[in-house]
2 protein chains.
Amino acid sequence: MADIEIYDTTLRDGSQGEGVAFSVSDKLRVAERLDAFGVHYIEGGWPGSNPRDIEFFERAKQKTFRRARLAAFGSTRRKDVRVDQDEQVRLLLEAATPVVTIYGKTWLLHVLQVLQTTPDENLAMIEDTVRHLKAHGKFVVYDAEHAFDGCKDDREYAFATWQAAERGGADVVTLCDTNGGSLPHEIAEITRYAGGGLGGRIGIHTHDDIGLGVANALAALDAGATHVQGTLNGYGERTGNCNLTSVMPILEFKCRKRSVPAGSLATLKELSQFLDETANIRPNPRLPWVGAAAFSHKGGTHVNAVQKALTSYEHIDPALIGNTRHVLISDLAGRSNIVMKARELGFDITSQTPELREMLDRIKALEHQGYEFESADGSLALLIRRVLIQTGPPFVVDAYHVSMRREGETSVCEATVKVDVGEECAHTVADGDGPVNALDAALRAALVKFYPQLERVRLTDYKVRIIDSTSGTAARTRVLIETSDGASEWGTVGVNENIIEASLQALVDSLEYALVKDRVACLQ
Amino acid sequence: MADIEIYDTTLRDGSQGEGVAFSVSDKLRVAERLDAFGVHYIEGGWPGSNPRDIEFFERAKQKTFRRARLAAFGSTRRKDVRVDQDEQVRLLLEAATPVVTIYGKTWLLHVLQVLQTTPDENLAMIEDTVRHLKAHGKFVVYDAEHAFDGCKDDREYAFATWQAAERGGADVVTLCDTNGGSLPHEIAEITRYAGGGLGGRIGIHTHDDIGLGVANALAALDAGATHVQGTLNGYGERTGNCNLTSVMPILEFKCRKRSVPAGSLATLKELSQFLDETANIRPNPRLPWVGAAAFSHKGGTHVNAVQKALTSYEHIDPALIGNTRHVLISDLAGRSNIVMKARELGFDITSQTPELREMLDRIKALEHQGYEFESADGSLALLIRRVLIQTGPPFVVDAYHVSMRREGETSVCEATVKVDVGEECAHTVADGDGPVNALDAALRAALVKFYPQLERVRLTDYKVRIIDSTSGTAARTRVLIETSDGASEWGTVGVNENIIEASLQALVDSLEYALVKDRVACLQ
């Protein structure tokens, strides 16, 4: 049995986050992944708030979850209405989930000004609704909204609302720091107060408004709560919910408390990436534990020390959460960075290799122009290779022309390229959805005659960043391209005032790297 | 006098963050802003690590700071070298700052494996270096690297290193959780242990590796530390340093402790934005306190409640840190969101306005295609206006042609547009640095004849996001443009498979909004 129950609300509270939007099939896929990962509860949505969530619960009826229990979220009945005549409560039952979670009011400010009802009617709304759901065989989680603000305002009334839920038969009473403004010592004190008076399981639900979402959840778990609600990657309204992607590894590796099954955390980074991809959120490289930068080293002294003793600047082995160590290239770093990076890329060089100086100089000069090699390992490998071996590139783009025309509804986008490969020249044309797409197609059409292995190579991501954003469209553009040949992936970079030119540079690097990558190390 | 001293290391430890790079003049501008804001110490760099930091301190000698004291950062002397013959220590003195901060080793693992010296020589390195700096009249901050990991490993030796600093005359002994893996209760316990044995001021320096950077700093301040080190926006290596942008308002508004001057925090959001702009970091909308989303409301029930009582879903008045309330447009939200947003934009509508339904439907359909109105208030206002008033747009782009050609070194980028304004048609041509820039120039050339007020209108930012990033360059592109006429700013959006077409949509909206914006409300 777990010491701490994990209650995931990514699909409900998480979807309130800015830029987060899940389709019904996204939601079903996320629920499957959460179940496989091993959380205890999956809050799927609020059937009373939108038709998409009703459809989700309808389709979820066909699914069998291995471990997790699905929860439908809603609120207590409306004021002055019989609970069995409340439409929203009826929709909650129709979702046909084993668990129903309802929120109710703790704070008199809300009872009087938002609900515009009496303190006693609020207590009745809570107790009635929980009892009604219990009578229908549900496992009931009661979310005490504004539990901490309400308790700071009126301790006795707050406690009375939690007691009303318990009298109704609630299985868990969850204290919610809805506005996210409480401090850990307040959370701990009020959790102890609630736990001392109530008989059942206490849960905690926090938000990150002041930057303490995770710390506040931990404070409650230290003070006796054994059920924690949050979202993956900390998605959620405003600054986000308590980030379960941090809470779960802290419980396991720092507090030695059991929550998810042993071994699950080794797939935590994968789960976090899957969520960002599904929600189409730009991954935060600085996300604790799972971010791409969480185990990156930039400062020269750190890199040097990590070479000597891995634990010297790492609080944990990144493999335990499925993450990896990275060394960043930058002018802050010493030679150690380049040497470690070059070895990561397959070059057998040491800090004594004489060409190191020239590599550093070229990197610094390009970084000064706006290039960034931190996620462009393909371009970096080509740079290192060009310094170490003096052979020319496998192909050269001699000329290109891109043209887009729209008249009324008709729109045409076409690209031509002239490419030299050794003594031969290919001149090709292609159209596309946009200028870069057309150029990519024309370039591949030219090269695939000479290098049939490029058939397997596909662009997987294309990112554009304006570098000097204050000068509007005349600013410099940095393009990062990610490419895959099925077996491995690499990133390449291009920088120019003209987005087409920057894209072409990154495209050329991506294809050149595809042609030389299996030979980078052995050719030096 | 302040209860808590704020020590900002954005320019040194912060610049180790992925993607963060400051030029020397950036650093000088940041230091000026930090001084105006009222932090107590500004750590400007490490003269021993790179020539840029030496230049920074050279140029900083001409500056007078009003309140802050400038600190140069470095390390203790090397092993087996006399302190007055250590090059790095010499550079520290040459920086000519009132404060010098040096770090030294607490953890035996580092002493033995990284420094490869003896425990006694390490103590001598600390004491000698501090004493030497004090003899040159410096205020000395001693940063005890890995203070917590070292102390957990060997309490007596850790304490001996801190004592060595104090014997040398250190003014502050700062305990550093260098690897960022400690828990608040460990931080509190070890801070009390250090404070109980040492006589002087205790500082705290934490990192956010497990998501507790801010909580750990607060735990130390609760346990007796009175000096806190961190960075603005939490910049820093890996997942970042302790975020001062959260710590400062927590101290003032939640803990009621004085740190920066009264009133400074009302410019906190501005300071945070300034930093992101200077470092060219994409602002994190979810940053606690100062993020663009920190006071945004998306869920329909929240929006409804906020209309009834402002404090109901806000832990603090956003104006106290210079932030503002936003209402997001999304299909989760009810009519309340649109009404609040429309009023924010100057339309006098209520939840009873019959056209509300059509606005919601149009917004949902466009959001489904990938549009995002959360930062495109100009496009949203035009959408609302188009529903409310049935007049045609002030101009229509009838046709365009963009062409880019490179042969060898010669490159040409040219755009033509045909624009209808009422009965007249303008046909113009312009060149530019890239296709969007050329198109923007041609469009303005056409319109400025009819609308001379567009002379004042300038694009201030241009952002590109690939929406379905898994399909490479054929994916859909969302372009967000920000525009200013000197008096106000607005955002517009365009979505298309073709980046040029998406850019043109956003450009057209930006100019159309410029022409109608002062009339949006009165024209309905």
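Computed from a predicted structure; not experimentally measured. Throughout, a chain's letter reflects where its sequence line sits, starting with A, and its residues are numbered from 1.
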Practice task
Considering non-hydrogen atoms only, spot the tightest contact between B/Thr178 and A/Tyr313 and give its length.
Solution key: CG2-CE2, 3.7 Å
Handout entry: Which of B/Thr416, B/Ile210, B/Ile250 touches chain A most, by non-hydrogen pairs under 4.5 Å
Key = B/Ile210
Exercise for the section: Could you tell me which portion of B/His146 (side chain, backbone, both or neither) has an atom closer than 4.5 angstrom to a non-hydrogen atom of chain A? Expected result: side chain
Problem - Leading residue by heavy atom contact count with chain B [cutoff under 4.5 Å; candidates A/Asp209, A/Ile499, A/Val412] - result: A/Asp209
Handout entry: B/Ile316 portion near chain A, given a 4.5 angstrom heavy-atom threshold
Key = neither
Practice task
Using the ring pair (Phe, Tyr, Trp, His ring centres under 6.0 Å) rule, take A/His315 and B/Phe148 through it: C-alpha gap first, then chi angles, then the decisive distance, then the call.
Solution key: CA-CA 11 Å; A/His315 67 93; B/Phe148 301 94; over 10 Å; no
Exercise for the section: To the nearest 0.5 Å, tell me how far A/Leu212 CG sits from B/Leu212 CG. Expected result: 9.0 Å
Handout entry: Interface residue of largest heavy-atom contact number with chain A, from B/Cys255, B/Pro435, B/Gly291, under 4.5 Å
Key = B/Pro435
Completion exercise
Nearest heavy-atom contact between A/Gly434 and B/Asn498 is CA-CG, 3.7 Å
Handout entry: Nearest-0.5 Å distance that lies between atom CD in B/Glu186 and atom NZ in A/Lys254
Key = 8.0 Å
Exercise for the section: Carefully, step by step, assess B/Leu287 and A/Thr239 under the rule side chain to side chain contact (heavy atoms under 4.5 Å, CB included). Expected result: CA-CA 6 Å; B/Leu287 204 63; A/Thr239 63; over 6 Å; no
Handout entry: A/Arg286 side chain vs B/Gly234 backbone, donor-acceptor pair below 3.5 Å
Key = yes
Handout entry: Interatomic spacing from OG in A/Ser411 to CG in B/Asn496 - rounded to 0.5 Å
Key = 7.5 Å
Handout entry: Contacting moiety of A/Glu414, where chain B heavy atoms sit under 4.5 Å
Key = neither
Exercise for the section: Name the option with the most non-hydrogen atom pairs under 4.5 Å to chain B; the candidates are A/Val397, A/Leu439, A/Asp398, A/Val247. Expected result: A/Asp398
Practice task
Flag the one option from B/Glu407, B/Arg406, B/Arg458 with the top tally of heavy-atom pairs under 4.5 Å to chain A.
Solution key: B/Arg406
Completion exercise
Greatest number of non-hydrogen atom pairs under 4.5 angstrom with chain B, of A/Ser246, A/Gly432, A/Ala215, A/Ala294, falls to A/Ala294
Handout entry: Heavy-atom closest contact (B/Ser403 atom, A/His401 atom, distance)
Key = OG-NE2, 2.9 Å
